[in-house]
Structures are given as structure tokens and as C-alpha cells.
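Accompanying notes for the structure given below.
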2 protein chains.
Amino acid sequence: MARWQPDAPGRLAAAALDLFEEHGYENTTVIEIAERAGLTKSTFFRYFPDKREVLFGRGTLTDLLVEGIASAPPAAGPLDAVADALDALGRTFFTADRREFSGRRQAVLNANTELREREALKRTGLTASMIEALSRRGVPSLTARVAAELGALVWEIAYDQWIDPDNSEGFGPLARQALAEVRTAAAVR
Amino acid sequence: MARWQPDAPGRLAAAALDLFEEHGYENTTVIEIAERAGLTKSTFFRYFPDKREVLFGRGTLTDLLVEGIASAPPAAGPLDAVADALDALGRTFFTADRREFSGRRQAVLNANTELREREALKRTGLTASMIEALSRRGVPSLTARVAAELGALVWEIAYDQWIDPDNSEGFGPLARQALAEVRTAAAVR
DNA sequence: GCCAGTGATGGGACTTGGTCTCATGGACCG
DNA sequence: CGGTCCATGAGACCAAGTCCCATCACTGGC
């Protein structure tokens, strides 16, 4: 028998999400989270650099996105490369079994400014990664920046729809459709 | 003679910027800031909701932007309305006398993640305001979202250039030029 | 001239997030 | 059987942020 229960960070994340739903982010103490997971404050901060990060940690997500952009066909334009990457994400990360969790998580995020702040930073980090990945494809700097911003917007739109319980479409198709719409909207002057 | 020295929040902000430059944001204590301003921790938190905000408070900036968008000629397209608003900002807010301060402030911001986090949140807030202002002009939702994102990008580019000591152009013209470039970049597929 | 009200500030107790250092104790290896 | 890992616990410590009440100079009415 294992000396300790397995997957301490996972238990902490689950406990945190539960408690944030029950009492709100601000009314939940790190000690309470740790206790519910059968651990202590010390262990919490060993796995997460701060209280917010317990809701964000899951992410090799940036790597997946960058990889997706890099492996798009060489002839593809910048936005198409981003589309391919989003598609890949839909296949490997935003899978149906994560939908419910993502929805709960997002509801908690939306309810708290501190958490939205962290989310905003993650978004800029993601955008920066996209810009870099596009640059490596030879896309000129400014074009890359524009494509990355539009890509982030597409992401947002698709993610919001994907989370919606009334919707059953996969993330990939939603992103494709959102991208098409953003494209036409960007053509309007 | 006045009972207290005037402009407590201004003194606090100035003291904070000095100290952040000298020792870094993280190595500066709220108590130290307050002391340098001849005040106390209590007074600091009376004027600023948290330590970060001492570098952001100056902003009725959102209002100016919204107003600028609203007062653009009715026939103007969404991006043109944003351009007008940025122009107005250049006239009323990003004036030459604020350039040095803005540069110092930005250097401090760039050096610290916590501060960039707040900056990212402010940016999303700004984008949201732009979207709303564009919606009130009758711009369709998605078009507004795209225009706002591109507007924010233009803002960023122009702001970076405006801060640069090697540059002496005003904010308005820089924004106009950045907008033109972003427009052509957005046309690339 | 006195006195009560006002408003900016000070003081200090208290909670929580976050850091750091050292102790513990079961499992694995020789 | 004994030593060595290594995940965890324990607790001191600091700074951010909240709260409540005290202070004290000025103001206006009487």
C-alpha cells in the first residue's frame, strides 16, 4: 500500500474547486483546501506557487499550441496555422471529458477579479507564444501579432461556446467556425 | 497654513515610483512608501485598494476612450472611430509632459509579473469598454470585438513607441500610423 | 470664546497569503 | 538490519490587506 495517497496536486485542485464553488474564492483559505485534501499548507505551496495557480496549473497547453502552429503545412497562412493548432488542441486537450470540469472552473474564474487577472496574464502569455511560433514560420512581426490577437479572440469565442452546456459540438469545429466569422468581421472597415 | 500637506495620493504615487525604481517592486514595502510620503500604511490603503494600484490609479482613461469613440462621426467605420478616440487620447492624456513619467512607470511594470498581471487586466477592461462603446454605435457584436482587439493592439504599439526616448512624435500620429500598418497586416491571409 | 461636528490622518490588532528551515517517518536498497 | 530517500508536517516569520477607534486641527453656530 502506498505511503501517501496518490496525486497530491490533483487532490488539492479538486478540493479547491469544490470549496471555491461552495464558499467563493475569497472565503476559502489555503489551509481549508489543504485540509480537505488531507494535506497541509506546506504541501499546497510545494505544488502551487500561489493560491490562484491551483486553478491554472494543468497547462502544457501553451506547448501544445506552439507545437500545433509549428507543424502546420508550410504553405498555410498565419491564421490557418493558428486554426490548425486550435484544432489540435480540440483533439488532445479540450476533449469531451474535460468539458464539465472546464465549465465549473470558468464559473469560479468569472466570479472573482483576482482570478480573472491571472487569466488575463495567461492570455497575454499565450499570445506571446503564438507570436513567437508564427515568427519561426517566417511570418513578419506585425502580421504575426495581428494573427495572434485574432487567434486569441477565436479561442475565447470557441471556448465560451464549448463550455456552454446547451452546446454539444467539439472544440475544433467551434473554433473553425469562429475563425471564419472573425475573418469576415476583420474584413469590414 | 494647511493642516496637512496637500495631495496625499500624489505623494504616495511619486514615492512608490521612486522606491520601485530604487529597490524593485517586491523589495519595497507599503510602509516604506507611506513613510517616504510622510504618511502611514493606513492612509495608503485609504487611497489605493492595493499596493499595485498605486501605479494605475491615474485613469479616467477608459472614460476618455469611450467618449472619443462615441463622438466620432456617425459615418465612420469601427476602426476609424477607435482611431479618432486614440487621437483624442493623444491630445488630452498622453501629452508630452507625461512622457517621462510614463516611461519610468512602464519600466517598473515590465520588471514585475504581478504588475504585468494588473496591466493585462486593465487591458481587458479597456477592450470591454471599447466593445460596448462600439456596440452603442450600432456596430455588430463580433465586428466590435475584432475592432476592439485590433484597437488595443494599436494602442500597445503606439504606446511603446511613444515612450521610447529616441522618439519625439506625439501619441496621436503614432497611433494613426500603427493603425494603418495593422490594417494592412490584417488584410493578409 | 466655547463647544460640537467634521474629515484627514494615525495606531494597532488581526487574518491570510506566502517563504523558509528543520523535523519526521515510512519505504527501498544493500 | 541499517542507512538513505523523499514526500510530507510543523511552526516561525514577514508583508499585504481589513477594521475599528483615537486624534486633532479647523469650522460654524451660539
Side-chain angles (χ1 to χ4, degrees), chain A residues 1-57 108-109 111-119 121-122, chain B residues 1-57 108-109 111-119 121-122:
Chain A
M1 187 178 140
R3 177 162 34 164
W4 298 289
Q5 297 303 312
D7 191 22
R11 272 153 51 214
L12 286 167
L17 185 55
D18 286 349
L19 286 168
F20 293 163
E21 281 177 330
E22 287 174 30
H23 310 127
Y25 175 81
E26 294 186 324
N27 299 319
T28 303
T29 249
V30 170
I31 295 183
E32 290 169 358
I33 298 171
E35 272 173 1
R36 177 167 300 200
L39 296 165
T40 64
K41 188 185 159 193
S42 293
T43 303
F44 181 96
F45 284 111
R46 215 184 310 276
Y47 288 109
F48 303 101
D50 60 54
K51 184 181 167 191
R52 308 171 184 183
E53 203 61 19
V54 73
L55 288 176
F56 291 90
V108 171
L109 255 57
N112 182 275
T113 308
E114 228 174 304
L115 290 172
R116 270 185 282 122
E117 200 166 22
R118 177 61 53 89
E119 197 188 15
L121 186 66
K122 297 282 180 183
Chain B
M1 186 176 139
R3 180 165 28 168
W4 297 288
Q5 297 303 313
D7 192 21
R11 274 153 50 215
L12 286 167
L17 185 55
D18 286 350
L19 287 168
F20 293 164
E21 280 177 331
E22 286 174 32
H23 310 127
Y25 175 81
E26 293 186 324
N27 300 318
T28 303
T29 254
V30 170
I31 294 185
E32 290 168 358
I33 299 172
E35 271 174 2
R36 177 166 301 199
L39 295 165
T40 63
K41 188 183 156 192
S42 293
T43 304
F44 181 96
F45 285 111
R46 216 183 311 275
Y47 286 110
F48 303 100
D50 60 53
K51 184 180 167 190
R52 308 172 184 184
E53 203 61 19
V54 74
L55 287 176
F56 291 90
V108 171
L109 255 58
N112 182 275
T113 308
E114 228 176 302
L115 291 171
R116 270 185 282 123
E117 199 167 23
R118 178 61 52 88
E119 198 188 15
L121 186 65
K122 297 282 178 180

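The ring-ring contact (aromatic ring centres under 6.0 Å, His included) test applied to B:Phe45 returns no partner, not counting sequence neighbours. Residues meeting the salt bridge (Lys or Arg N to Asp or Glu O under 4.0 Å) test with B:Glu114, sequence neighbours left out: B:Arg52.
Between A:Leu12 atom CG and D:dA7 atom P the separation is 14 Å, expressed in whole Å. Here the P atom of nucleotide D:dC14 and the CG atom of B:Asn27 are 16 Å apart, to the nearest Å. Between the C1' atom of D:dG17 and the CZ atom of B:Arg118 lies a distance of 13 Å, rounded to the nearest Å. Remark: C1' of D:dA15 and CD1 of B:Ile33 are 12 Å apart, rounded to the nearest angstrom. For B:Glu35 and C:dG10, the CD to C1' distance is 13 Å, given to the nearest whole Å. If you measure from atom OH of B:Tyr47 to atom P of D:dG17, you get 18 Å, rounded to the nearest angstrom.
Taking side-chain N and O atoms only, B:Thr43 has a distance below 4.0 Å to OP1 or OP2 of C:dG10.
From B:Arg36, atom CZ reaches atom CG of B:Leu19 across 4.0 Å, with rounding to the nearest 0.5 Å.
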> Could you write nucleotides 13-23 of chain C as a row of B, S and -, 5' to 3', where a protein heavy atom under 4.0 Å of any base atom gives B, of only sugar-phosphate atoms gives S, and otherwise -?
Replying inline: ---SSBB----
> Does the side-chain contact (heavy atoms from CB on, under 4.5 Å) test come out yes or no for A:Phe20 and A:Ile33, once each step is laid out?
Replying inline: CA-CA 9 Å; A:Phe20 293 163; A:Ile33 298 171; 3.9 Å; yes
> What's the verdict on salt bridge (Lys or Arg N to Asp or Glu O under 4.0 Å) for A:Lys122 and A:Glu53, showing C-alpha distance, side-chain angles and the deciding distance?
Replying inline: CA-CA 11 Å; A:Lys122 297 282 180 183; A:Glu53 203 61 19; 2.7 Å; yes
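Not a single donor-acceptor pair under 3.5 Å links the side chain of B:Arg118 to the backbone N or O of B:Leu55.
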